[in-house]
Amino acid sequence: MELYSGYLEDPFNHMKLLCPNSMTSASTQFASSMRIGGMYDRDHQLGGMWNDPYQVDDSQTTSPSLGDVKLDNPLDDVPNELQGSSKSYEHETSKPPEKVLRRLAQNREAARKSRLRKKAYIQQLETSRIKLAQLEQELDRTRNQGGYISGHLGESNVGLNGAVNSEIAAFEIQYAHWVDEQTRLTCELRSAIQAQVSDIELHMLVESSMSHYENLYRIKAIAARSDVFYIMSGMWRTSAERFFLWMGGFRPSELLKILVPQLEPLAESQTAAVNGLRKSSQQAEDALSQGMEKLQQTLSETLTMGPLGGPDAIVNNYMGQMANALGKLEALVNFVNQGDHLRQEALQQMYKILTIRQAARGLLVLGDYFQRLRALSSLWAARPREPS
Amino acid sequence: MHQAIPCSNTRAWPRPGDISSSPPVRQSGNVRQVVEDNPVVVVGRKGCCMSHSVRRLLQGLGVNPTVYEVSTEEETAVAREVCGTGDAAFPVVFIGGKFLGCIDRLMAVHMSGELVPILKEAGALWL
């Protein structure tokens with residue numbers, strides 16, 4: 001999953017922000033031990049890295065203490081003296097002793113400040129590490145409790161049975177990102193249509209939107225292999241969306257019904273083609289539904305208590321039935337996949353029938369529709385209830 | 001002879017209860033022979049529910065497909081005969097003696113509107 005693998009590998013982007021040089025804690029320790037020895041030499045580089053939180057720029061001075069001095073003694077005219085002394089660095093032996101002493105004191109000061117900054121930075125790293133560990137713990141805890149976290153809309157959908165799958169947890173995160181990207185693409189479509197951009201630009205946007213849907217079907221397929229009931233239940237979707245659930249998603253013929261009035265004016269050939277597509281979709285949907293019903297029937301029959309026999313017979317029967325039933329359940333994955341395949345075919349056929357502008361508008365209508373359903377779900381969840 | 005169910009413009013999809021066509025003709029024997037002898041053949045595993053969906057789709061279009069059921073032992077052999085490789089994604093469909101494909105292909109061809117012309121050409125449908 002090109003889109004989401006990066007996110008999964010680094011779900012806590014702030015680690016990168018804190019470690020601009022991408023250092024792990026192990027290497028931090030190694031580097032700091034090196035630094036203790038070479039404190040003065042390395043202070044420029046160190047200053048560069050640690051100065052961000054403190055916004056003191058040491059890296060541009062020849063003497064590490066210059067910046068600090070500015071901080072502490074803004075009224076002091078020492079900088080000038082220092083500049084003078086740094087210029088005459090080569091004539092060390094000819095310098096008056098107070099200046100030497102002064103410089104040494106300032107070096108000590110700089111070193112001290114450097115050590116303090118380093119300490120602060122390490123503390124920041126440690127806090128982040130603790131935070132990371134806590135988040136991981138929380139994730140594990142929710143896993144063990146058997147609940148699925150629904151990241152989107154803050155709704156907590158806790159599964160009643162079965163342990164939480166790490167693949168399902170991953171799917172939830174991926175889907176949340178998918179929705180965010182969907183929202184962004186819908187906005188882009190809206191502004192592109194309003195701005196009346198060129199066909200080429202619109203083309204690219206339409207292609208992106210189409211492949212975005214394909215990404216959804218791809219991650220759904222992976223999740224379905226892991227837990228098909230989860231996908232079929234639509235628990236990963238909001239409540240209003242679930243109302244329209246068919247075969248783990250939306251019914252293509254229903255979506256086509258919504259789209260057509262929004263796409264007017266259509267050429268006669270286009271209207272005929274879209275109507276034909278809708279009819280074909282209905283037929284295909286019904287065929288799949290009937291196959292699904294047959295699966296339910298055979299599953300029920302498989303689980304029904306068999307003929308009564310001795311205790312061995314009952315146990316053997318039971319085990320056999322369970323094994324049989326498990327085998328049948330595998331077929332459910334195929335049905336979910338066929339549902340998604342049908343959605344994909346509907347999208348691709350529409351893309352062929354419509355002009356690029358109509359396709360863009362169509363995708364906008366769809367994206368908007370899904371957004372409104374999600375918004376409706378939130379409103380429904382937040383509605384004021386009668387005090388009982 | 002196959003009896004065509006007349007199609008109307010409104011949704012006249014046969015409900016599971018009311019299907020008036022005769023039960024699907026089940027064949028056994030050499031799969032290649034069956035495919036050649038019958039205009040529409042569905043080759044699928046025994047008791048497969050996806051096969052059932054494929055059959056329902058074809059029946060809804062007015063076709064009464066011939067069903068060739070494959071047991072688990074015969075699977076690989078039949079698959080090899082049918083599409084050259086040892087594993088086929090059953091169920092698969094043959095129209096007019098020619099291999100159409102698995103359910104993915106069938107659905108794609110149906111959604112693009114090409115399925116009915118293909119069926120008519122094979123003599124499985126006429127209106």
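For the numbers below, each heavy atom of this structure counts, side chains included, while hydrogens, waters and symmetry mates do not. First the proteins, then the strands, lettered A, B, ... as listed; each starts at 1.
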If we ignore hydrogens and angles and just use 3.5 Å, is the side chain of A:Arg242 paired with the main-chain N or O of A:Gly234 as donor and acceptor? yes

Flag the one option from B:Ile103, B:Leu106, B:Val116, B:Leu115 with the top tally of heavy-atom pairs under 4.5 Å to chain A. B:Ile103

For the residue pair A:His212 and A:Trp178, does the interplanar ring angle fall in the parallel (under 30°), tilted (30 to 60°) or perpendicular (over 60°) class? parallel

What I'd like to find out is whether the side chain of A:Leu216 reaches to under 4.5 Å of the side chain of A:Gln182, using heavy atoms alone. no

Can you check whether B:Tyr68 and B:Phe94 have ring centres sitting under 6.0 Å from each other? no

Tell me, do A:Gln174 and A:Trp236 make a side-chain contact under 4.5 Å, heavy atoms counted? no

When B:Gly47, B:Ser51, B:Ser112 are compared by non-hydrogen pairs under 4.5 Å with chain A, the top option: B:Ser112

By residue number, those in residues 345-360 of chain A with heavy atoms under 4.5 Å from heavy atoms of chain B are A:Glu345, A:Ala346, A:Gln349

Going by heavy atoms in the side chains, are A:Lys257 and A:Val260 under 4.5 Å from each other? no

Close side-chain approach of A:Ile231 and A:Asp227, heavy atoms under 4.5 Å: no

Pick whichever of A:Pro252, A:Ala331, A:Ser281, A:Ala273 has the most heavy-atom pairs under 4.5 Å with chain B. A:Ser281

